[in-house]
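Before any comments, here is the structure.
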Amino acid sequence: MPHDGTPAPSDLPLPPDELARRLTEVYDVVGPLYRRVQRLVEQSLAPEGLSVGVRAVLTLLHRGGPMTVPQMGRAQSISRQFVQRMVNDAAERGLVESVPNPAHRRSSLIRLTPRGSSVITAVLDREHRMLREVGGGLTDAEVAACLRVLGVMLSALDHVDVG
């Protein structure tokens with residue numbers, strides 16, 4: 001910020017056309033990043049024999065507690081049917097269980113079993129150790145700005161039907 005208190009040009013909101021161009025650059029990085037991370041996660045899940053979809057379900061339950069299948073679908077922007085298949089797979093492996101939902105009789109809550117909790121904790125700990133090696137001298141402010149930008153981009157797509 002200049003000494004007179006006015007925002008520096010780089011601190012002003014971008015005009016719509018420039019914003020669209022810059023956000024396209026973000027999408028150009030996010031696609032390959034997502035695909036590489038997905039491949040890396042698949043490789044790291046091999047010891048547990050988990051799919052990326054089951055890992056996502058376990059992570060949601062680990063971080064958010066028991067949830068219904070529709071809640072998980074909304075949280076991950078994926079179809080309820082896909083989540084149900086992942087929950088079924090996780091249940092067959094003894095990683096999650098269905099329990100009565102006091103708020104809604106027809107939509108059970110899904111929760112981690114002790115085994116599921118142990119498995120996802122091991123996966124997340126291994127991923128945490130890998131992410132410690134990212135480097136780049138990133139600051140908290142830079143990560144916060146990245147999360148803000150990606151959050152705004154995600155919110156702008158709230159109208160997209162996932163399924």
Side-chain angles (χ1 to χ4, degrees), residues 14 18-99 107-163:
L14 292 171
E18 179 65 9
L19 176 63
R21 188 182 70 69
R22 295 304 311 267
L23 292 180
T24 297
E25 293 175 43
V26 174
Y27 281 120
D28 290 346
V29 172
V30 168
L33 172 64
Y34 175 79
R35 288 184 289 279
R36 288 182 190 183
V37 167
Q38 187 170 12
R39 282 193 294 275
L40 185 62
V41 168
E42 286 169 347
Q43 293 166 4
S44 75
L45 293 174
E48 287 86 5
L50 300 178
S51 68
V52 172
V54 170
R55 178 221 177 266
V57 164
L58 298 180
T59 301
L60 269 176
L61 297 174
H62 176 76
R63 292 185 178 149
M67 301 173 83
T68 65
V69 168
Q71 287 171 330
M72 286 187 264
R74 284 190 298 274
Q76 289 293 306
S77 296
I78 52 180
S79 75
R80 184 190 58 75
Q81 293 83 357
F82 179 78
V83 173
Q84 187 64 62
R85 287 194 306 271
M86 296 304 102
V87 166
N88 292 347
D89 186 9
E92 288 172 15
R93 296 166 181 265
L95 304 173
V96 300
E97 60 189 357
S98 180
V99 295
S107 187
S108 299
L109 288 172
I110 309 301
R111 72 176 178 198
L112 290 172
T113 62
R115 181 168 181 264
S117 183
S118 174
V119 166
I120 195 59
T121 297
V123 167
L124 294 174
D125 287 348
R126 189 167 55 245
E127 290 173 2
H128 179 84
R129 287 191 303 275
M130 289 176 11
L131 288 171
R132 288 176 47 111
E133 305 301 318
V134 167
L138 298 174
T139 66
D140 186 58
E142 290 171 320
V143 174
C146 176
L147 290 170
R148 176 173 144 51
V149 169
L150 293 173
V152 168
M153 292 172 73
L154 181 60
S155 292
L157 299 173
D158 279 348
H159 66 282
V160 176
D161 181 17
V162 295

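Residues take their numbers from the sequence shown, with the count starting at 1. Note that the structure is predicted; figures quoted are calculated from it, not measured.
Of the inter-residue distances, the one linking I110 atom CD1 with L60 atom CG reads 12.0 Å to the nearest 0.5 angstrom. L95 contributes atom CG, which lies 14.0 Å from atom CZ of R111 (distance to the nearest 0.5 angstrom). The CD1 atom of I120 sits 8.5 Å away from the CD atom of E48 when rounded to the nearest 0.5 Å. With values rounded to the nearest 0.5 angstrom, S44 atom OG is found 10.5 Å from R129 atom CZ. For the atom pair CZ of R55 and CD of E42, the computed distance is 11.5 Å after rounding to the nearest 0.5 Å. For the atom pair CG of L58 and CG of L50, the computed distance is 6.0 Å after rounding to the nearest 0.5 Å.
Counting only distance, with no hydrogens or angles, the side chain of S118 and the backbone of P114 share no donor-acceptor pair below 3.5 Å. In this structure a side-chain-to-backbone donor-acceptor pair under 3.5 Å is missing from R74 to V69. Judged purely by atom type and a 3.5 angstrom limit, R115 uses its side chain to pair as donor or acceptor with the backbone of R93.
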(message) If you apply the rule side-chain contact (heavy atoms from CB on, under 4.5 Å), what do you find for L157 with V160, and how did you get there?
(response) CA-CA 6 Å; L157 299 173; V160 176; 4.2 Å; yes
(message) If you apply the rule side-chain contact (heavy atoms from CB on, under 4.5 Å), what do you find for M67 with V83, and how did you get there?
(response) CA-CA 11 Å; M67 301 173 83; V83 173; over 6 Å; no
(request) Evaluate side-chain contact (heavy atoms from CB on, under 4.5 Å) for N88 paired with Q84, printing each intermediate quantity in order. (result) CA-CA 6 Å; N88 292 347; Q84 187 64 62; 2.9 Å; yes
(request) Apply side-chain contact (heavy atoms from CB on, under 4.5 Å) to the pair M130 and L40, showing each step before the final yes or no. (result) CA-CA 10 Å; M130 289 176 11; L40 185 62; 3.3 Å; yes
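By the 4.5 Å heavy-atom criterion applied to side chains, V30 and M153 are not counted as neighbours. With a 4.5 Å cut-off on side-chain heavy atoms, L131 and V134 count as touching. Side-chain atoms of R63 and L124, non-hydrogen and from C-beta on, do get closer than 4.5 Å to each other. Counting heavy atoms from C-beta outward, V123 and V41 have side chains that stay 4.5 Å or more apart.
Nearest heavy-atom pair, V54 versus A90, reported as atom, atom and distance to 0.1 Å: CG1-CB, 4.0 Å. Closest of all the heavy-atom pairs between A56 and Q76 is CB-OE1, 4.5 Å. Considering every non-hydrogen atom in both T113 and G94, the closest pair reads OG1-O, 2.6 Å. Contact between M86 and S51 at its shortest, heavy atoms only, is SD-OG, 3.8 Å.
By the 4.0 Å N-to-carboxylate-O rule, R85 lies too far from D89 to be salt-bridged with it.
A 6.0 Å sphere centred on CG of D140 holds no more than 12 heavy atoms belonging to other residues, nucleotides or ligands.
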